[in-house]
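The block underneath contains the structure these notes are about, expressed in structure tokens.
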Amino acid sequence: MRYRELHRWDLNVEEAKKVQVELRRKLILQFPGIDVKTIAGVDLAFKGDKAIAVVVVLSYPDLEFLEYESHVEKINYPYIPGLLSFREGPPFLKAWKKVKVEPDIVFFDGQGIAHPRGFGLASHMGVLIEKPSIGVAKSKLFGNYSEPPNEPFAKSPLYSPGGKMIGYVVRTKRNSKPLFVSPGYLMDPENAVHFTLKCVKNYRLPEPTRMAHIFTQRLRKSLII
DNA sequence: GCGACAG
DNA sequence: ATCTTGTCGC
Ligand SMILES: [Mg+2]
């Protein structure tokens, strides 16, 4: 699959934040009513000085395995809250380049627009690969919310300090911590939650993300630093 | 200055 | 994210 090279990656904190502010104008927070037949999940693992990126493509709505691609390279950026895409973006894009089955939607393990500058990992990658994307994070980075009831499918809106609704806090499994779901690119909060829940089976994480995480750990254990 | 802080 | 074994509870 292809992607756009809109900026450099070897940037300091100030420059990286500037890129986020400049690129966020390209965001389209509306889902184009397309026919969804495939959904991809993305995740990364780390070992020593290596970053391991995995992309898994599943059929939709059956969620059957279609393709798995990975890429291993040297870690080139530290983890800085708010700048996750500069650490995980480059390895992911190289794995993405190897994908052959076209994904209609891509799930990322992190935030979409629920971000200090409205441009989290899912939004950033969505703009570069020009695909509808959704941010499915396991914890909060930005925003205010009230805890959703302890029932499967319960959800409560996530708001930015200014009062704008930027996503939903979703309970995908009883007695499990909720997920922070926000639209990345070519997506809206309602559809982001819709597709996330349609991809959930008997686990907290939606299948595309869960599968990508499993493969990422499997590859990590078979990797010799 | 202090607390928050995706992975 | 990673370091790490068992243990508690649904
Ligand atoms: Mg991850």
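Quick caveat: nothing in here was measured; it's all calculated off a predicted structure. In the text below, chain A, chain B and the rest are named by the order of the sequence lines, each starting its count at 1.
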Mind listing the residues from residues 103-120 of chain A sitting with a heavy atom below 4.0 Å of DNA chain B? Number order is fine.
A:D109, A:G110, A:Q111, A:H115, A:G120

Looking only at heavy atoms, the pair that brings A:G112 and A:S123 closest together is C-OG, 3.2 Å

Set of ring-ring contact (aromatic ring centres under 6.0 Å, His included) partners for A:F215, sequence neighbours left out:
A:Y68

Of all heavy-atom pairs linking A:L158 and A:A114, the shortest is CD2-CB, 3.7 Å

Between the side chains of A:R171 and A:E151, is the shortest nitrogen-to-carboxylate-oxygen separation below 4.0 Å, so that they form an ion pair?
no

Can A:K100 and A:E69 be counted as an ion pair, charged N to O under 4.0 angstrom?
yes

Interface with DNA chain B, restricted to residues 125-159 of chain A and to heavy atoms under 4.0 Å:
A:A137, A:K138, A:S139, A:K140, A:L141

Listed once per pair and sorted, the ring-ring contact (aromatic ring centres under 6.0 Å, His included) pairs that draw on residues 130-153 of chain A, sequence neighbours left out
A:Y145-A:F180

Taking the inter-plane angle between the rings of A:F119 and A:H124 on a 0 to 90° scale, is it parallel (under 30°), tilted (30 to 60°) or perpendicular (over 60°)?
tilted

Check nucleotides 3-6 of chain C for protein N or O atoms closer than 3.5 Å to its own N or O atoms and list the pairs.
| from | atom 1 | to | atom 2 | distance (Å) |
| --- | --- | --- | --- | --- |
| C:dC3 | OP1 | A:R220 | NH2 | 3.0 |

Run the salt bridge (Lys or Arg N to Asp or Glu O under 4.0 Å) test against A:K37 and tell me which residues pass, sequence neighbours left out.
A:D35

With rounding to the nearest 0.5 angstrom, report the NZ to CG distance, A:K98 to A:L93.
12.5 Å

Can A:E15 and A:R8 be counted as an ion pair, charged N to O under 4.0 angstrom?
no

Please list, in numerical order, the residues of residues 5-20 of chain A that have a heavy atom closer than 4.0 Å to any atom of DNA chain C.
none

hydrophobic_cluster_shared for A:L44 and A:I214, side chain cutoff 4.5 Å
no

Per the 3.5 Å Watson-Crick/G-U criterion and a run length of at least three, the stems involving DNA chain B are none

Measure across A:E102 and A:T38 and return the closest heavy-atom pair with its distance rounded to 0.1 Å.
O-OG1, 2.7 Å

Quick check against the 3.5 Å criterion: does A:R210 have a side-chain atom that pairs as donor or acceptor with the backbone of A:Y203?
no

Would you indicate what A:L179 reaches in the nucleic acid, counting non-hydrogen atoms under 4.0 angstrom: base, sugar-phosphate, or nothing?
nothing

Residues from residues 180-214 of chain A sitting under 4.0 Å of DNA chain B, heavy atoms only?
none

So, A:F195 versus A:F107, ring centres under 6.0 angstrom or not?
no

Gap separating the CG atom of A:L27 from the CZ atom of A:R25, nearest 0.5 angstrom:
10.5 Å

Got a donor-acceptor contact below 3.5 angstrom from the A:S160 side chain to the A:K164 backbone?
yes

Indicate, with a heavy-atom threshold strictly under 4.0 Å, whether A:F46 touches base, sugar-phosphate, or nothing.
sugar-phosphate

Name the stems with DNA chain C in them: runs of three or more consecutive Watson-Crick or G-U pairs, distances under 3.5 Å?
none

Sorted by chain and residue number, the salt bridge (Lys or Arg N to Asp or Glu O under 4.0 Å) partners of A:K221 (sequence neighbours excluded) come out as none

Might you point out which heavy atoms bring A:G82 and A:Q20 nearest each other, and give the distance in Å?
O-NE2, 3.0 Å

For nucleotides 8-10 of chain C, print each protein N/O atom paired with a nucleotide N/O atom at under 3.5 Å, atom names and distance only.
| from | atom 1 | to | atom 2 | distance (Å) |
| --- | --- | --- | --- | --- |
| C:dC10 | O3' | A:N175 | ND2 | 2.5 |

Quick check: closest heavy atoms across A:Y77 and A:V13, and the distance to 0.1 Å?
OH-N, 4.2 Å

A:P178 and A:R204: which non-hydrogen atoms are nearest, and at how many Å?
O-NH2, 3.2 Å

